[in-house]
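Single-structure report; data block below.
Worth knowing before you read on, the calculation uses all heavy atoms, side chains too, and leaves out hydrogens, waters and symmetry mates.
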Amino acid sequence: MRLALNVGYWGTTGTDDLNGMLALSKAADEHHYDVVWLAEAYGSDIPSLIGYLAAHTENVGYGAAIMQIPGRTPAMTAMTAATLDRITGGRFHLGLGVSGPQVSEGWHGVRFADPLGRTREYVEIVRQALGRKNVEFHGKHFDLPLPDGPGKSLRLLLLPERGDLPIYLASLGPKNLALTGEIADGWIGIFVSPEFLPEQLAVIGEGRQKAGKTMDGFDVVASIAISVSDDIDVAADRLRAHTALYVGGMGSRDKNFYHALATRMGFEKQADHVQDLYLAKQHRDAAAAVPREFIERTAMVGDSEAIRARLRAYAKAGVTTLAISPWMDSLEERIELVGLVARLMDEEGLRSK
């Protein structure tokens, strides 16, 4: 596996300030991590932070996990990706996703209808632009150039460092997973369980087959929270509020992709209970209701030997890039954890050279 670090977005636990985010990125660089992944919601944006962090590190790559499709035109995304690929010397990874209906419609003012069709068209236009072709596309969601006007088909002025800059999709549901396999170069997964991953990879594989491709070279990125303690309850408790937010409060009752994932994994009753509590604004109770088994299956918690065993499990299950999100009680402990995972990976012979 390749080893990556997920620092989230500015303001989350673990990256409470810009200096903390930079310190973690420097630690990843020092321990020869491949990629530092960043996120965005409706606060900090990814490109600005990558530009800043890349200027202060030497070798580590940077990835968008994810740049929101409703927040940018496909042409602007291509311009941004080409710029970041040049800034990082060919070490940028473009992750895309439709976000959710609340953010898409409430923040960006873009209808969430037909997310699969919008994603397919968006990726095709981005690929045209990054391939430095004259961009012309006439679809359901995008029409370039606009008809009956002065616009003309244009070509991206800036040459990306790589002509094959990789495009990743963040997806959870079966239809989105199949689309990811069909049109993307990699998948960004969250709440990935080694026990459930083969089912997800089978669906991605169907998409690859539809496109006449195999899984060879396809990057399976698992974004995994990690919390270390000799007391597994202490380790798991650090992740409860975060997990409850996603399973219980991310989206609406009828459209929460993380709740649906937990349900498919066999936690339907527990996920319903967490959601009921969270939507009733009983956030502490919702966190307490998250089953420890779900945390143990979708994160790495426990002592160093437990972490070592889970690293082997993720590698065996088919993860090609493990992106850790360190959850500890201080920035210093998070930085130490970045080094610990690198050491354990090397001792187990799990790290790609």
Side-chain angles (χ1 to χ4, degrees), residues 1-2 4 34-35 37 63-67 69 74 77-78 81 92-99 112-131 133 137-142 160 162-224 257-258 260-266 297-298 312-323 350 352:
M1 293 187 296
R2 287 176 291 274
D34 285 271
V35 185
W37 293 92
I66 47 84
M67 285 167 61
I69 285 175
T77 290
F92 177 63
H93 302 66
L94 174 58
L96 298 170
V98 291
S99 189
F112 194 72
D114 191 21
L116 293 175
R118 180 178 293 274
T119 299
R120 181 184 294 277
E121 292 186 11
Y122 197 98
V123 170
E124 186 171 340
I125 296 168
V126 171
R127 287 200 188 277
Q128 276 189 32
L130 290 175
K133 300 175 182 177
F137 187 89
H138 304 287
K140 176 181 176 182
H141 300 281
F142 300 97
R162 295 162 297 169
D164 58 348
L165 192 155
I167 296 178
Y168 295 71
L169 290 180
S171 48
L172 292 169
K175 291 181 180 179
N176 259 311
L177 289 171
L179 180 68
T180 299
E182 182 184 349
I183 69 174
D185 304 301
W187 171 58
I188 302 170
I190 188 172
F191 294 114
V192 177
S193 162
E195 294 78 15
F196 188 67
L197 181 59
E199 181 176 321
Q200 294 170 304
L201 292 183
V203 178
I204 291 174
E206 292 172 5
R208 301 293 289 172
Q209 187 175 17
K210 181 178 179 181
K213 302 174 183 177
T214 69
M215 292 294 289
D216 290 345
F218 185 86
D219 196 6
V220 178
V221 182
S223 183
I224 304 299
F257 305 122
Y258 308 96
L261 174 63
T263 297
R264 287 195 297 275
M265 291 176 61
R297 286 181 61 182
T298 59
R312 292 195 296 264
Y314 277 107
K316 185 177 180 180
V319 171
T320 55
T321 297
L322 186 73
L350 296 175
S352 299

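Distance check: Glu195 CD to Arg297 CZ gives 5.5 Å after rounding to the nearest 0.5 Å. If you take OH on Tyr122 and CG on Leu96, they are separated by 6.0 Å, rounding to the nearest 0.5 Å. Here the NZ-CG distance, from Lys210 to Leu179, works out to 8.5 Å after rounding to the nearest 0.5 Å. To the nearest 0.5 Å, the span separating OG on Ser99 from CZ on Phe112 amounts to 7.5 Å. Once rounded to the nearest 0.5 Å, the distance linking CH2 of Trp187 with CD of Gln200 reads 4.0 Å. To the nearest 0.5 Å, atoms CG (Leu172) and CG (Leu177) are separated by 7.0 Å.
In this structure, Leu169 and Thr180 approach most closely via the heavy-atom pair CB-OG1, 3.6 Å. When every heavy atom of Phe142 is checked against every heavy atom of Pro74, the shortest pair comes out as CE2-CD, 3.6 Å. Scanning both residues, Ser352 and Arg2, for their nearest heavy atoms gives OG-N, 3.6 Å. Minimum interatomic distance between Trp37 and His93 (heavy atoms only, all atoms of both residues): CH2-CB, 3.7 Å. Closest of all the heavy-atom pairs between Val220 and Thr320 is N-OG1, 2.6 Å. For the pair Ile188 and Gly95, the tightest heavy-atom approach, listed with the atom from each and the gap, is CD1-CA, 4.0 Å.
The main-chain N or O of Ile183 is found under 3.5 Å from a side-chain atom of Arg127 such that the two form a donor-acceptor pair. For Asp185 (side chain) and Ile167 (main-chain N/O), a donor-acceptor pair under 3.5 Å exists by modelled atom type. Counting only distance, with no hydrogens or angles, the side chain of Arg162 and the backbone of Phe92 share a donor-acceptor pair below 3.5 Å. In this structure a side-chain-to-backbone donor-acceptor pair under 3.5 Å is present from Arg208 to Gly181. Between the side chain of Tyr168 and the backbone N or O of Ile66 there is no donor-acceptor pair closer than 3.5 Å.
In the displayed structure, Gln209 atom CD is contacted under 6.0 Å by at most 12 heavy atoms of other residues, nucleotides or ligands.
No side-chain heavy atom of Phe196 sits less than 4.5 Å from a side-chain heavy atom of Thr298. For the pair Val192/Tyr314, a side-chain contact is recorded, criterion being any heavy-atom separation below 4.5 Å from C-beta on.
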### Query
Can you list the steps and then say if Val126 with Leu94 is a side chain to side chain contact (heavy atoms under 4.5 Å, CB included)?
CA-CA 10 Å; Val126 171; Leu94 174 58; 4.0 Å; yes
